[in-house]
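Since the structure comes first, as structure tokens, the remarks are kept for the end.
Here is the naming used below: chain letters follow the sequence lines, and residue numbers restart at 1 for every chain.
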Amino acid sequence: MRKRKLYGILAILLVIGVYGYEHFINEKDVAESVREGASVKSESRTFYLPTSTTGQVVHHNGYSLSYSEPHEQAEWVAYELKKSHLSKSNFKRPYFEVDLAVKTGAASWRNYKNSGYDRGHLCPAGDKSYTKEAYDETFLTSNISPQTHDFNSGIWNTLEQKVRYWARKYDGVFVVTGGVLKGDLETIGNERVAVPNQFYKVIYDAEHEKMIAFLMPHRDSEEPLYNFVVPVDSVEVLTGIDFFPELEDALEDKLEASSSYKGWSFN
DNA sequence: CTGAGGGAC
DNA sequence: GTCCCTCAG
């Protein structure tokens with residue numbers, strides 16, 4: 001094991017320890033965060049949804065998604081990550097369930113069993129730990145994509161943690177994420193769930209009017225995260241999705257053309 | 001944190 | 001299928 005990797009894991013364990021301690025001393029605050037979580041539901045599913053290339057948009061309490069039936073997974077999952085969603089409990093992981101809200105029939109979790117691929121969350125469970133209900137809702141088969149364990153637990157996990165860091169630092173961000181569902185893709189299971197060759201994430205900080213996008217090959221990397229920053233436009237060309245179409249056009253054009261990560265702290 | 005799998009019931 | 005346990009990056 002490389003030293004850098006070892007330090008990363010130790011840092012993660014430290015973070016978990018701190019959260020556990022905060023939870024221990026702040027138990028009386030949990031009820032308040034539950035109410036706060038409940039109050040953002042309608043807001044989070046009406047703001048800043050991308051366009052759908054498949055015509056099947058599904059809204060859950062904590063996130064929305066656009067399902068691609070041919071690929072048996074979402075082309076995007078979108079949600080607001082508020083500062084108040086962060087910290088707090090680590091719940092017991094439930095079993096994945098087929099998302100009955102997907103009219104064409106979401107994939108079964110059995111496709112992933114012994115496939116060699118993780119059931120990789122698109123909206124991470126770690127972003128929805130403010131209530132058990134919100135947490136469990138991320139364990140729907142419409143919210144997962146086949147990912148290698150090295151990638152999922154490696155640089156993708158690092159990016160997800162960075163997004164939580166930004167949500168805390170910038171008082172909330174909007175997140176859109178998914179695999180790139182183009183070309184001939186490997187499939188797993190009887191339902192032929194496609195294995196993306198690339199995954200993307202688009203982050204919008206509304207308060208400070210800045211946007212950043214990441215495009216990553218489906219493999220782990222030791223490179224720094226900022227090496228994977230791309231203009232939002234390039235992800236739109238690749239996927240056919242229009243991100244944040246509700247923004248005023250001039251602002252949208254300006255933000256989406258940039259591949260600069262000025263204003264985004266990578267510390 | 002991100003996940004997997006085995007075995008008893 | 002559910003629950004409990006061990007394990008890895």
N-O pairing of D127(A) and R164(A) below 4.0 Å: yes

By ring pair (Phe, Tyr, Trp, His ring centres under 6.0 Å), F243(A) pairs with (sequence neighbours left out) Y200(A)

Y112(A): what forms a ring pair (Phe, Tyr, Trp, His ring centres under 6.0 Å) with it, not counting sequence neighbours? none

Using atom [atom1] of [X] as one end and atom [atom2] of [N] as the other, report the distance to the nearest whole Å.
| X | N | atom1 | atom2 | result |
| --- | --- | --- | --- | --- |
| N114(A) | dG6(B) | CG | P | 7 Å |
| R93(A) | dA8(C) | CZ | C1' | 13 Å |
| Y135(A) | dG3(B) | OH | P | 9 Å |
| Y112(A) | dT2(B) | OH | C1' | 15 Å |
| F91(A) | dT2(B) | CZ | P | 13 Å |
| F96(A) | dA4(B) | CZ | P | 6 Å |
| N157(A) | dA8(C) | CG | C1' | 13 Å |
| N90(A) | dC1(B) | CG | C1' | 10 Å |

So Q147(A), base contact, sugar-phosphate only, or nothing? Heavy-atom distance under 4.0 Å. nothing

Just the atom pairs and distances: protein N or O near nucleotides 2-4 of chain C's N or O, under 3.5 Å.
{"from": "dC3(C)", "atom 1": "N4", "to": "Y95(A)", "atom 2": "OH", "distance (Å)": "2.8"}

Under 3.5 Å, which donor-acceptor pairs do the side chains of residues 259-267 of chain A form with other protein atoms, sequence neighbours left out?
{"from": "S260(A)", "atom 1": "OG", "to": "K262(A)", "atom 2": "N", "distance (Å)": "3.0"}
{"from": "S265(A)", "atom 1": "OG", "to": "Y165(A)", "atom 2": "OH", "distance (Å)": "3.3"}
{"from": "S265(A)", "atom 1": "OG", "to": "N267(A)", "atom 2": "N", "distance (Å)": "3.4"}

Pairs of donor and acceptor atoms involving the side chains of residues 225-234 of chain A, under 3.5 Å and at least two apart or interchain, shall be tabulated with distances.
{"from": "N227(A)", "atom 1": "ND2", "to": "E223(A)", "atom 2": "OE1", "distance (Å)": "3.0"}
{"from": "S234(A)", "atom 1": "OG", "to": "P231(A)", "atom 2": "O", "distance (Å)": "2.7"}

Quick check for you: among [options], whose closest atom lies nearest to any side-chain atom of [X]?
| X | options | result |
| --- | --- | --- |
| D150(A) | dG9(C), dG3(B), dC1(B) | dG9(C) |
| P124(A) | dT2(B), dC1(B), dA4(B) | dT2(B) |
| W109(A) | dA8(C), dG1(C), dG5(B) | dG1(C) |
| R110(A) | dG1(C), dG3(B), dC1(B) | dG1(C) |

Of K113(A) and A125(A), the one whose closest nucleotide on DNA chain B sits nearer the 5' end is A125(A)

Tell me whether the side-chain N/O atoms of R119(A) come closer than 4.0 Å to OP1 or OP2 in dA4(B). yes

At less than 4.0 Å, is any side-chain N or O atom of H121(A) found next to OP1 or OP2 of dG3(B)? Yes or no. yes

Determine whether the side chains of H218(A) and N197(A) contain a donor N or O and an acceptor N or O closer than 3.5 Å. no

Return a table of donor-acceptor pairs under 3.5 angstrom between the side chains of residues 134-146 of chain A and protein atoms on other chains or two or more places apart.
{"from": "Y135(A)", "atom 1": "OH", "to": "F91(A)", "atom 2": "O", "distance (Å)": "3.4"}
{"from": "D136(A)", "atom 1": "OD1", "to": "K132(A)", "atom 2": "NZ", "distance (Å)": "2.9"}
{"from": "E137(A)", "atom 1": "OE1", "to": "G62(A)", "atom 2": "N", "distance (Å)": "2.8"}
{"from": "E137(A)", "atom 1": "OE2", "to": "N61(A)", "atom 2": "N", "distance (Å)": "2.8"}
{"from": "T138(A)", "atom 1": "OG1", "to": "H121(A)", "atom 2": "NE2", "distance (Å)": "3.4"}
{"from": "T138(A)", "atom 1": "OG1", "to": "Y135(A)", "atom 2": "O", "distance (Å)": "2.8"}
{"from": "T141(A)", "atom 1": "OG1", "to": "D99(A)", "atom 2": "N", "distance (Å)": "3.4"}
{"from": "T141(A)", "atom 1": "OG1", "to": "A107(A)", "atom 2": "O", "distance (Å)": "2.7"}
{"from": "S142(A)", "atom 1": "OG", "to": "D99(A)", "atom 2": "OD2", "distance (Å)": "2.5"}
{"from": "N143(A)", "atom 1": "OD1", "to": "C123(A)", "atom 2": "N", "distance (Å)": "2.8"}
{"from": "N143(A)", "atom 1": "ND2", "to": "C123(A)", "atom 2": "O", "distance (Å)": "3.0"}
{"from": "N143(A)", "atom 1": "ND2", "to": "T138(A)", "atom 2": "O", "distance (Å)": "2.9"}
{"from": "S145(A)", "atom 1": "OG", "to": "Q73(A)", "atom 2": "OE1", "distance (Å)": "2.7"}

